[in-house]
Amino acid sequence: MKPDEFRRQAHELVEWMASYMENVESYPVKSQSAPGEIFKKLPGSPPDNPEPFESLMKDFSDIIMPGITHWQHPSFFAYFPANSSPPSVLAEMLISTLASQCMIWETSPAAAELEQKMMMWLGEMIGLPPVFEGVIQDTASTATLAAILTAREKSTGFCFNSDGESAAGKLRVYCSGQTHSSVEKAVRIAGIGKKNLVRIGVMDDFSMDPLKLESAITRDREMGYVPCCVIATIGTTGTTAIDPLDDIGHICRQHGIFLHVDAAMAGTALILPEFRWMLGEKTYFDSFVFNPHKWMFTNFDCSAYFVRDAASLIRTFEILPEYLKTRTRGLVNDYRDWGVPLGRRFRALKLWFVIRSYGVKGLQEKVRLHIKLASGLAERISVESDFELLAPAVLSVVCFRYNPGGISEDGLNRMNEALNHKLNDSGKIYLTHTVLNGKYALRMVTAQTNVAPHHVDAAWELIKSGARSLQAL
Ligand SMILES: *Cc1c(COP(=O)(O)O)cnc(C)c1O
């Protein structure tokens with residue numbers, strides 16, 4: 001493709017992008033595509049000869065678009081959001097045009113230094129003490145893996161990396177039963193073993209019970225285990241429960257255990273002074289992750305990982321082959337030493353564009369609205385006699401179910417599952433579910449970039465009428 005043709009096609013594409021943003025609500029929010037449907041429409045072999053861009057775009061519209069679930073649809077209430085925003089998309093255009101591979105400072109000094117500055121901005125925005133240094137990771141899963149590997153190295157005198165499993169002894173990692181699955185994955189990858197991940201019981205609000213944590217640690221010590229890491233969550237995936245960080249931090253300090261905080265979704269709410277309490281007063285934790293690619297309007301991927309002691313992180317990951325030796329080593333941040341992959345995208349540019357375009361106040365306004373939408377919805381649910389809330393709505397997630405009375409727990413579970421499918425098949429809204437104390441819960445997240453009160457109103461009407469027209473199964 002010659003530059004002239006690129007220019008022409010790119011202009012058209014921008015038109016397409018802008019009208020997509022304007023018209024995203026006209027698509028079914030959840031793709032209505034059947035398994036294998038898209039695959040069958042694609043040719044079995046690649047083309048031998050070049051094809052014009054027009055035919056690529058035609059197939060994109062005809063074949064690909066029907067198989068897309070529209071995460072930027074304001075009635076996307078499923079999972080947690082993967083929010084984008086126009087400034088973030090514009091930054092991505094520049095990032096892919098430069099196509100820099102930002103593994104070390106030398107391979108693009110601006111990327112490294114902007115990243116350093118953006119992490120300072122973010123740290124200040126969410127109220128972390130300035131001792132924390134940050135690095136952008138692809139996902140929270142990777143950041144949590146980095147945390148667990150660092151904890152593993154610290155508790156084995158940095159010997160696991162060199163000696164392998166024999167250095168490990170009997171390491172133990174602790175998290176609550178509500179913790180994200182990425183923790184178990186990381187524990188497995190780290191060679192600590194799934195059976196050494198101890199699930200601590202939760203309290204009524206689904207947050208970790210610190211008394212149970214303490215007794216598990218004490219018991220393990222007595223049995224010769226080495227407690228190595230605790231993962232606390234601010235904003236669990238099921239219900240956005242908030243683990244008591246000060247109590248947990250205190251226990252970790254006493255026992256010399258690395259504490260990692262997973263705030264993948266809820267970390268963004270820390271930009272609101274009225275939600276700073278979630279962080280606790282003592283900030284006894286060692287590392288902290290949150291995803292601007294969830295709730296801070298910075299499109300996937302961009303995960304902000306902060307550590308109290310960058311030297312330990314670097315010591316865990318650093319490796320220096322001849323071809324990566326530079327004159328600037330030690331003077332600058334070479335972020336390849338701060339995590340798993342060598343290659344890195346220029347993600348800091350997205351943050352810079354987003355934060356400057358909205359301003360902290362603009363971001364706060366949006367997040368505040370999202371939280372208000374959730375609490376308003378929870379209030380409306382609580383006054384309907386045939387619906388019930390299944391968890392407190394602290395942030396932007398509401399967990400509830402339809403319960404018209406006189407139906408067994410099993411029957412209610414089947415009924416609410418059927419309701420969930422019926423709503424999603426309508427193409428008008430998209431909700432996912434969780435199970436809380438054995439109860440199937442509809443889980444509605446009111447945090448899409450462009451969600452407005454009328455979207456939540458319409459969804460609630462649809463849910464009520466959908467539920468009330470269900471036959472008991
Ligand atoms: C979404 C989520 C994750 C995983 O995030 P990725 O960036 O997709 O790896 C981890 N923990 C919590 C609490 C989450 O909500």
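Counting starts at 1 for both ligands and their atoms, following the listed order. Quantities reported herein were computed from a predicted structural model and do not represent experimental measurements. Residues take their numbers from the sequence shown, with the count starting at 1.
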So the atoms of ligand 1 within less than 4.0 Å of a heavy atom of F80 turn out to be 15 (O)

Q. Looking only at N/O atoms, are T236 and ligand 1 under 3.5 Å apart anywhere?
A. no

Exercise. Return the orientation label for the W16 and F60 ring planes: parallel under 30°, perpendicular over 60°, tilted otherwise.
Key: perpendicular

Students often mix this up, so state it plainly: with edges at 30° and 60°, are the rings of F297 and H370 parallel, tilted or perpendicular?
perpendicular

Min heavy-atom dist S181 to ligand 1 below 4.0 Å = no

Going by the 4.0 angstrom heavy-atom rule, the piece of D262 near ligand 1 is side chain

_Below 30° counts as parallel, above 60° as perpendicular, anything between as tilted: where do the rings of F300 and H293 land?_
tilted

For S182, the atoms of ligand 1 under 4.0 Å from one of its heavy atoms are 10 (C)

Atoms of ligand 1 under 4.0 Å from any heavy atom of G235, numbered from 1 in the order shown, are 13 (C)

Ligand 1 to K294, heavy atom cutoff 4.0 Å, flagged ligand atoms 1 (C), 2 (C), 3 (C), 4 (C), 5 (O), 14 (C), 15 (O)

If you scan protein heavy atoms around atom 9 (O) of ligand 1, the nearest is S141 OG, 2.5 Å

Review point. Does ligand 1 have any atom that is closer than 4.0 Å to a heavy atom of S303?
Key: no

With a 3.5 Å cut-off and no angle check, do the side chains of N291 and S303 form a donor-acceptor pair? yes

Practice prompt. Verify whether one side chain among S312 and D309 offers a donor that lies under 3.5 Å from an acceptor in the other.
Written response: yes

* Do D301 and R345 sit within salt-bridge range, that is, some charged N less than 4.0 Å from a carboxylate O? -> yes

N291 to ligand 1: N or O pair under 3.5 Å?
-> yes

Atom 4 (C) of ligand 1: closest protein heavy atom, distance to 0.1 Å, is H180 CE1, 3.4 Å

Suppose we call two aromatic rings close when their centres sit under 6.0 Å apart. Are F306 and F285 close by that rule? no

inquiry  = In terms of relative ring orientation, are Y440 and H433 parallel, tilted or perpendicular, with 30° and 60° separating the classes?
reply    = parallel

Practice prompt. Report the relative orientation of the aromatic rings in Y79 and W71; use parallel for angles under 30°, tilted for 30 to 60°, perpendicular for over 60°.
Written response: parallel

For A264, the ligand 1 atoms with a heavy-atom partner under 4.0 Å come out as 2 (C), 3 (C), 10 (C), 11 (N), 12 (C), 14 (C), 15 (O)

Numbered in order shown, the ligand 1 atoms found under 4.0 Å of a heavy atom of H293 are 7 (O)

Using 30° and 60° as the class boundaries, would you call the ring planes of Y430 and F76 parallel, tilted or perpendicular? perpendicular

Per-atom filter on ligand 1: closer than 4.0 angstrom to a heavy atom of T237 are 12 (C), 13 (C), 14 (C), 15 (O)

Look only at interatomic distance and state if A140 has a nitrogen or oxygen under 3.5 Å from any nitrogen or oxygen of ligand 1. yes

